Amino acid sequence: MAGTQAPIAVGVKDLVTDLAAVRMAAAEAAATGRPLHVVRAFTWPLELPPGGDGEEREQAERIVADAAAQAREWHRDLVVAPEVIDGDTIEVLLRAAARASMLVIGSDDPEGPADPTASVSFQVSARAAGPVLCVRGTGTPDGPVVVGVDGSPDAQVGLATAVEEARRREAPLVVLHAEGAACAETHAAADLTVEHRQVEGPAGRALIAASADAQLVVVGAQGDRPTPLGPVTQAVLRRADCPVLVARRRHAAAQALIAAPHRPARLGSSRA
């Protein structure tokens, strides 16, 4: 891999359906000064069609090469490494995520399968070792970064990441509060425009509603639980109208990153 920093990785199956993911991954890499790793998983069919000579592999190579060329066209100085890797799609993407600072993937419509959690985007978001940006919806380019807080370990890592993303994007930050999730008085985000909203009803519904005008929704996946993703994160991955960043980074005292103008009343509980 070119470059000394951990890359931004993007999974590509088809350039038509994954072009938005490539665009966002290239923008993330350019903004952070990291190389871009374009990854496509490949598995040989059990039987080649009559007269087949292995052109499936050549097609996979063309897809990643075209994606890399498109990324370089958008960002001329970007270091891009295209790679076709033999193996199951989910396992290949998980290995790429383990070596990357962030993995970007397209949404494969997790409401489509009979079991939504069996989709590639769900499985990778649930099992990846690092943050996963799932590109879905259209998003609002000048909209805020949205995050929910409820006092859980998930919310702590989500809040810390949302602060970083809002600062890097020079975007306002919207913090949705659940029961008992008031922010600390001290903070390290005085340079941000921060809006605090009290959650009415289920947290997932509130985050999905806020995503309609957002450029990014951040959810955390850091706590211990029987399932890899909590119900709120699952709902947001299914229905958000903008890209969703599933954050996995441990930060000390994440609640101290921003200051609330007041302590929200306790209106209901949720768990991201």
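For reference, positions follow the sequence shown, starting with 1. Remember, it's a predicted structure, so these values are computed and weren't measured experimentally.
Hydrophobic clustering (side-chain heavy atoms under 4.5 Å, transitive across Ile, Leu, Val, Met, Phe, Trp, Tyr) groups V38 together with M24. Under the 4.5 Å side-chain contact rule for hydrophobic residues, V132 and I85 do not share a cluster. Under a hydrophobic-cluster definition in which Ile, Leu, Val, Met, Phe, Trp and Tyr are linked whenever side-chain heavy atoms come within less than 4.5 Å, directly or via other members, V236 and V146 are assigned to the same cluster. One hydrophobic cluster, built from ILVMFWY side chains closer than 4.5 Å, cannot hold both V39 and V64; they sit in different ones. One hydrophobic cluster holds both V219 and V199 under the rule that ILVMFWY side chains link at heavy-atom gaps under 4.5 Å.
Within 6.0 Å of atom CZ in R205, 12 or fewer heavy atoms from other residues, nucleotides or ligands are found, so the atom counts as exposed in its surroundings.
With respect to V163, the side chain to side chain contact (heavy atoms under 4.5 Å, CB included) criterion is satisfied by exactly one of V194, V147, V145, L192: L192. With V22 as reference, V12 is the one residue of D66, V12, V80, V104 to meet the side chain to side chain contact (heavy atoms under 4.5 Å, CB included) rule.
Ion pairing between a basic and an acidic side chain is recognised when a charged N comes within 4.0 Å of a carboxylate O; R197 and E195 show such pairing. Looking at D142 and R169, no side-chain N of the basic residue comes within less than 4.0 Å of a carboxylate O on the acidic one, giving no salt bridge. Ion pairing of E28 with R23 is absent here, as no side-chain N (NZ or NE/NH1/NH2) approaches a carboxylate O to less than 4.0 Å. Salt bridge status for E164 with R168: absent, with no side-chain N to carboxylate O gap under 4.0 Å.
For the pair R34 (side chain) and A6 (backbone), a donor-acceptor distance under 3.5 Å is present. A donor-acceptor pair is defined here as one N or O able to donate and one able to accept, closer than 3.5 Å; no such pair exists between the side chain of S107 and the backbone of V135. In this structure, R40 contributes its side chain and K13 its backbone to a donor-acceptor pair below 3.5 Å. In this structure, R136 contributes its side chain and G106 its backbone to no donor-acceptor pair below 3.5 Å. Under a 3.5 Å cut-off, the side chain of Q215 and the backbone N or O of G139 do not form any donor-acceptor pair. The backbone N or O of D14 sits less than 3.5 Å from a side-chain atom of T17, completing a donor-acceptor pair. Side chain of S119 to backbone of F122: a donor-acceptor contact under 3.5 angstrom is found.
The nearest pair of heavy atoms linking S125 to R248 is O-NH2, 2.6 Å. The two residues A247 and G158 have their closest heavy-atom pair at CB-CA, 4.4 Å.
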Review point. Checking side chain to side chain contact (heavy atoms under 4.5 Å, CB included) for the pair E91/R127: CA distance, chi angles, key distance, verdict?
Key: CA-CA 10 Å; E91 297 305 321; R127 297 166 55 193; 2.8 Å; yes
